[in-house]
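Written out below as structure tokens is the structure these notes cover.
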There are 2 protein chains.
Amino acid sequence: MAMHGDKKIGFLLERTTRIAKLSFTKAFKKLNVDITPEQWIVLDKLDLKGEMSQKEIGNESFKNAPTISRIIDNLVRKGYVSRTSEESDRRKTAISLTQEGEKVIQLCRQEVDALRDLSWNNLSDQDYEDFNRIIDQIFLNFEGYN
Amino acid sequence: MAMHGDKKIGFLLERTTRIAKLSFTKAFKKLNVDITPEQWIVLDKLDLKGEMSQKEIGNESFKNAPTISRIIDNLVRKGYVSRTSEESDRRKTAISLTQEGEKVIQLCRQEVDALRDLSWNNLSDQDYEDFNRIIDQIFLNFEGYN
DNA sequence: TCCTTATATTTGCCTATGCAACTATTGCCT
DNA sequence: AGGCAATAGTTGCATAGGCAAATATAAGGA
């Protein structure tokens, strides 16, 4: 395998992740919706799956417990989700979308999809498949190191 | 072009970027060097290019001025770089590696290279080229949105 | 039942990053 | 020269995220 020095993996990932976040941030601002990309991820998960515990949200979005806890704090403060202590296991809190939260989903869904499609401009279906495969493998490689 | 909903670009990027940073963080810890991946990026740039202004460092690493300012603050506090006001233009500060900073580079270089190679395990040279091309195009696509 | 361990969440402290506002210089134009 | 715009850097305030420690609750074993 050849050298990988000319373009640095960390740099490529970091730079593109950052501009992706910025783009989504601008999209929400354009729509006059006061959420961040991370908050969108949580709202979107709740929309797809319904009520979830913070632990479940964390597992599915690969974020740790403190991070999820604080993102939920902010979403509760904005009135987009609500916390309810679960009866069956009072360690858990059930997180669910409020009506306001559902409204936010409605407002943003189309633009989010459009932006995701835009990110694949000038790239083929084959590129899409390759990218998914490669970035998953890179993830696994790092996972093995940890 | 087909739908891109099943795997979400933001998620793929974010997850892999995060584990990459974590891996580098652990590598530095293993070496008993108290730097972060971001601080490494700056030290590495300075090692390659010699004295640079904060603006130059920011341009090359795609970080904004406040971020660079604070990363440099931390590196100065640790004694790995020094700030000198430039004579020709006193708005600029010349940042340079200290001897301690050079020592850090020496200590880490090998492990950083090894980790970068490891990230390409089970992937071909073609994959490497494809990934670079695709992620660059994704970056450009988002850049057009902004 | 009592004790130990595991799990879910929260909080404190730190770095990185974004935006906006502010300071200090330099450059340019009239 | 005088004044205004551009440039380099810093600082305040916010979110995200990492680690470690603390709290609350549940589960399992002696």
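Chain letters run A, B, ... following the sequence lines, proteins first and then strands; every chain starts at 1. Nothing here was measured: the structure is a model prediction, and the numbers come from that model.
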Can you measure [X] atom [atom1] to [N] atom [atom2] for me and round it to whole angstrom units?
{"X": "Lys55(B)", "N": "dT10(D)", "atom1": "NZ", "atom2": "P", "value": "13 Å"}
{"X": "Asp73(B)", "N": "dG9(D)", "atom1": "CG", "atom2": "C1'", "value": "10 Å"}
{"X": "Ile57(A)", "N": "dA8(C)", "atom1": "CD1", "atom2": "P", "value": "13 Å"}
{"X": "Ile68(B)", "N": "dT7(D)", "atom1": "CD1", "atom2": "P", "value": "18 Å"}

Problem - Pair Gln54(A), Lys92(A): side-chain N/O donor-acceptor within cut-off below 3.5 Å - result: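 The answer is no; no qualifying pair exists.
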
Practice task
Determine whether the side chains of Ser82(B) and Ser96(B) contain a donor N or O and an acceptor N or O closer than 3.5 Å.
Solution key: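 Yes.
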
Exercise for the section: For the residue pair Asp130(A) and Asp130(B), establish whether any side-chain heavy-atom pair is separated by less than 4.5 Å. Expected result: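 Yes, side chains in contact.
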
Problem - 4.5 Å side-chain heavy-atom contact, Leu115(A) and Tyr145(B) - result: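 In short, these two side chains touch, coming nearer than 4.5 Å.
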
Problem - Position toward the 5' end of DNA chain C (nearest nucleotide), Lys29(A) or Ser69(A) - result: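 So the residue in question is Ser69(A).
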
Problem - Test side-chain contact (heavy atoms from CB on, under 4.5 Å) applied to Ile68(B) and Ser61(B), step by step - result: CA-CA 9 Å; Ile68(B) 291 295; Ser61(B) 55; 3.9 Å; yes

Problem - Ring centers of Tyr128(A), Trp120(A) separated by less than 6.0 Å - result: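 Yes, the ring of Tyr128(A) comes within the 6.0 Å limit of the ring of Trp120(A), centre to centre.
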
Exercise for the section: Enumerate the residues from residues 84-92 of chain B whose closest heavy atom to DNA chain D is under 4.0 Å, giving them by residue number; use none for an empty result. Expected result: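 Arg91(B), Lys92(B) - these, ordered by number, are the residues of the stretch whose heavy atoms sit under 4.0 Å from the strand.
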
Exercise for the section: Enumerate the residue pairs fulfilling ring pair (Phe, Tyr, Trp, His ring centres under 6.0 Å) with a member in residues 75-99 of chain A, sequence neighbours excluded, ordered by first and then second residue. Expected result: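 Listed by first then second residue: nothing to list.
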
Practice task
Hey, could you give me each pair passing ring pair (Phe, Tyr, Trp, His ring centres under 6.0 Å) that has a residue in residues 50-76 of chain A? Not counting sequence neighbours.
Solution key: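 As it turns out, the ring pair (Phe, Tyr, Trp, His ring centres under 6.0 Å) pairs with a partner in residues 50-76 of chain A, which skip direct neighbours, are Phe62(A)-Phe139(A), Phe62(A)-Phe11(B).
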
Handout entry: Chi angles and distances behind the side-chain contact (heavy atoms from CB on, under 4.5 Å) call for Lys63(B), Arg70(B)
Key = CA-CA 11 Å; Lys63(B) 295 180 188 301; Arg70(B) 284 153 179 150; over 6 Å; no

Practice task
Check every strand shown and say whether Thr93(A) touches a base, only sugar-phosphate, or nothing at a heavy-atom separation below 4.0 Å.
Solution key: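 Sugar-phosphate, no base atom in range.
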
Exercise for the section: Look at all strands and tell whether Thr25(A) reaches a base, only sugar-phosphate, or nothing, counting heavy atoms closer than 4.0 Å. Expected result: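 Nothing, no nucleic acid heavy atom in range.
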
Problem - Qualifying residues under side chain to side chain contact (heavy atoms under 4.5 Å, CB included), relative to Lys29(B), sequence neighbours excluded - result: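 Residues passing side chain to side chain contact (heavy atoms under 4.5 Å, CB included) with Lys29(B): none at all.
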
Under 3.5 Å, which protein N or O atoms sit close to an N or O of nucleotides 14-18 of chain C? Give each pair with its distance.
| from | atom 1 | to | atom 2 | distance (Å) |
| --- | --- | --- | --- | --- |
| dA16(C) | OP1 | Thr36(B) | OG1 | 2.4 |
| dA16(C) | OP1 | Gln39(B) | NE2 | 3.4 |
| dA16(C) | OP2 | Asn74(B) | ND2 | 3.2 |
| dT17(C) | OP1 | Glu14(A) | OE2 | 3.2 |
| dT17(C) | OP1 | Glu38(B) | OE1 | 3.3 |
| dT17(C) | OP1 | Lys63(B) | NZ | 2.7 |
| dT17(C) | OP2 | Lys63(B) | NZ | 3.2 |
| dG18(C) | OP1 | Arg18(A) | NH1 | 3.1 |
| dG18(C) | OP2 | Asn64(B) | ND2 | 3.0 |
| dG18(C) | O6 | Arg70(B) | NH1 | 3.1 |

Practice task
Have a look at the helix from dT1(C)-dA30(D) to dT30(C)-dA1(D) and give the angle its two end axes make, five pairs each, rounded to 10 degrees.
Solution key: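 The end axes of the helix from dT1(C)-dA30(D) to dT30(C)-dA1(D) are about 0° apart, to the nearest 10°.
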
Practice task
Specify the closest pair of heavy atoms between Gln137(A) and Asn121(B), including all atoms of both residues, with the distance to one decimal.
Solution key: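 It is CG-O, 3.7 Å.
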
